[in-house]
**Q** 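Pasting a structure here, questions to come.
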Amino acid sequence: MDAGLLLIRLVVGLLFIGHGTQKLFGWFGGHGLKGTAGWLESIGVKPGLLMAFMAGASEVVGGLLFASGVFTWVGGALIAVTMLIAIFTVHGKNGLWVTQNGMEYNLVLLAVAIGVALIGPGAYALFA
């Protein structure tokens, strides 16, 4: 069980760190803070710069906590809130399936984040 939780935490947490750095710094093919802010403003999320920073920071901090197993419940909560916002602002109106830009993938990440936050990080965590 502990090895499984570690695998889940590392994959999900590290991918969230990467996704957050796309928003904040433009790493890994991202658009950076200004580009993300412009996109958010274009879909009606304002103020774009503040919201882009908050989204990116939540993903980086949440991913770091989740992957490391330090305050896993806080990391899981940050990831869950980020996914809920993505569902309500972008994906929910498109239905369920990801092939239609729907919320399917967001729901999977939401379930994983909440599930691990409720279970705990397992034995292989920095502070288990």
Side-chain angles (χ1 to χ4, degrees):
M1 183 172 87
D2 294 322
L5 284 168
L6 176 63
L7 177 64
I8 292 167
R9 285 191 359 258
L10 287 176
V11 170
V12 172
L14 293 175
L15 288 173
F16 264 91
I17 293 168
H19 205 63
T21 60
Q22 287 178 319
K23 286 179 178 68
L24 294 173
F25 311 118
W27 296 355
F28 310 113
H31 299 289
L33 203 51
K34 287 186 180 180
T36 302
W39 175 74
L40 287 171
E41 293 257 349
S42 78
I43 63 167
V45 178
K46 298 178 182 180
L49 195 59
L50 176 62
M51 294 297 124
F53 174 77
M54 288 177 60
S58 292
E59 290 174 352
V60 170
V61 172
L64 185 61
L65 294 173
F66 200 77
S68 67
V70 175
F71 297 114
T72 307
W73 67 273
V74 175
L78 288 169
I79 290 170
V81 167
T82 302
M83 290 299 93
L84 285 170
I85 292 169
I87 288 168
F88 286 114
T89 60
V90 179
H91 300 286
K93 66 182 177 219
N94 299 320
L96 178 62
W97 303 113
V98 73
T99 52
Q100 304 301 316
N101 199 29
M103 60 182 162
E104 172 188 10
Y105 186 59
N106 305 104
L107 287 173
V108 170
L109 292 171
L110 180 64
V112 168
I114 292 172
V116 172
L118 291 172
I119 292 168
Y124 304 123
L126 290 181
F127 298 114

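What you see is a predicted model; the values in this text were computed from it and never measured.
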**Q** Between the side chain of Gln22 and the main-chain N/O of Phe28, is any donor-acceptor distance below 3.5 Å?
**A**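 Flag set: sc Gln22 to bb Phe28 pair under 3.5 Å.
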**Q** If hydrophobic clusters are built from ILVMFWY residues whose side chains come within less than 4.5 Å, do Ile43 and Met51 share one?
**A**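 Same cluster.
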**Q** Has the side chain of Glu41 got a donor or acceptor atom that lies under 3.5 Å from a matching backbone atom of Lys46?
**A**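 Side chain of Glu41 to backbone of Lys46, a donor-acceptor pair under 3.5 Å: no, none is there.
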**Q** Quick check against the 3.5 Å criterion: does Asn106 have a side-chain atom that pairs as donor or acceptor with the backbone of Ile87?
**A**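 Flag not set: sc Asn106 to bb Ile87 has no pair under 3.5 Å.
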**Q** Check the angle between the aromatic planes of Phe25 and Trp27 and answer parallel, tilted or perpendicular using the 30° and 60° thresholds.
**A**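 Tilted: the ring planes of Phe25 and Trp27 meet at 30° to 60°.
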**Q** Just by modelled atom types, is the Gly18 backbone N or O under 3.5 Å from a matching donor or acceptor in the Thr21 side chain?
**A**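 Yes.
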**Q** Under a 4.5 Å side-chain heavy-atom rule over Ile, Leu, Val, Met, Phe, Trp and Tyr, are Phe16 and Leu14 clustered together?
**A**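 Different hydrophobic clusters.
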**Q** If you define the side chain from C-beta out and look only at heavy atoms, does anything of Met83 sit under 4.5 Å from Phe88?
**A**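 The answer is no, as the side chains (C-beta and beyond) never meet within the 4.5 Å cut-off.
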**Q** Does any non-hydrogen side-chain atom of Thr72 lie less than 4.5 Å from one of Ile119?
**A**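 Side-chain contact under 4.5 Å: no.
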**Q** Same cluster or not: are Leu78 and Leu126 linked, directly or through other Ile, Leu, Val, Met, Phe, Trp or Tyr residues, by side-chain heavy atoms under 4.5 angstrom apart?
**A**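 In one cluster: yes.
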**Q** So does Asn101 get a backbone contact from the side chain of His91, meaning a donor-acceptor N/O pair under 3.5 Å?
**A**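 The answer is yes, because a donor-acceptor pair under 3.5 Å joins these two groups.
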**Q** In sequence, state the C-alpha distance, the side-chain angles, and the governing distance for Leu107 and Leu110, and then conclude on side chain to side chain contact (heavy atoms under 4.5 Å, CB included).
**A** CA-CA 5 Å; Leu107 287 173; Leu110 180 64; 4.2 Å; yes
**Q** Mark yes or no for whether Arg9, through its side chain, and Tyr124, through its backbone, hold a donor-acceptor pair below 3.5 Å.
**A**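 Yes, Arg9 side chain to Tyr124 backbone: donor-acceptor pair under 3.5 Å.
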**Q** Given 3.5 Å as the limit, does a donor-acceptor pair link the side chain of Ser58 with the main chain of Ala55, or not?
**A**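 Checked: no pair found.
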**Q** For the pair Glu59 (side chain) and Gly20 (backbone), establish whether a donor and an acceptor sit closer than 3.5 Å, ignoring hydrogens and angles.
**A**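 Here the side-chain-to-backbone pair exists.
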**Q** Would you indicate whether the side-chain heavy atoms of Val61 and Phe71 approach each other to under 4.5 Å?
**A**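 No - every pair of side-chain heavy atoms lies 4.5 Å or more apart.
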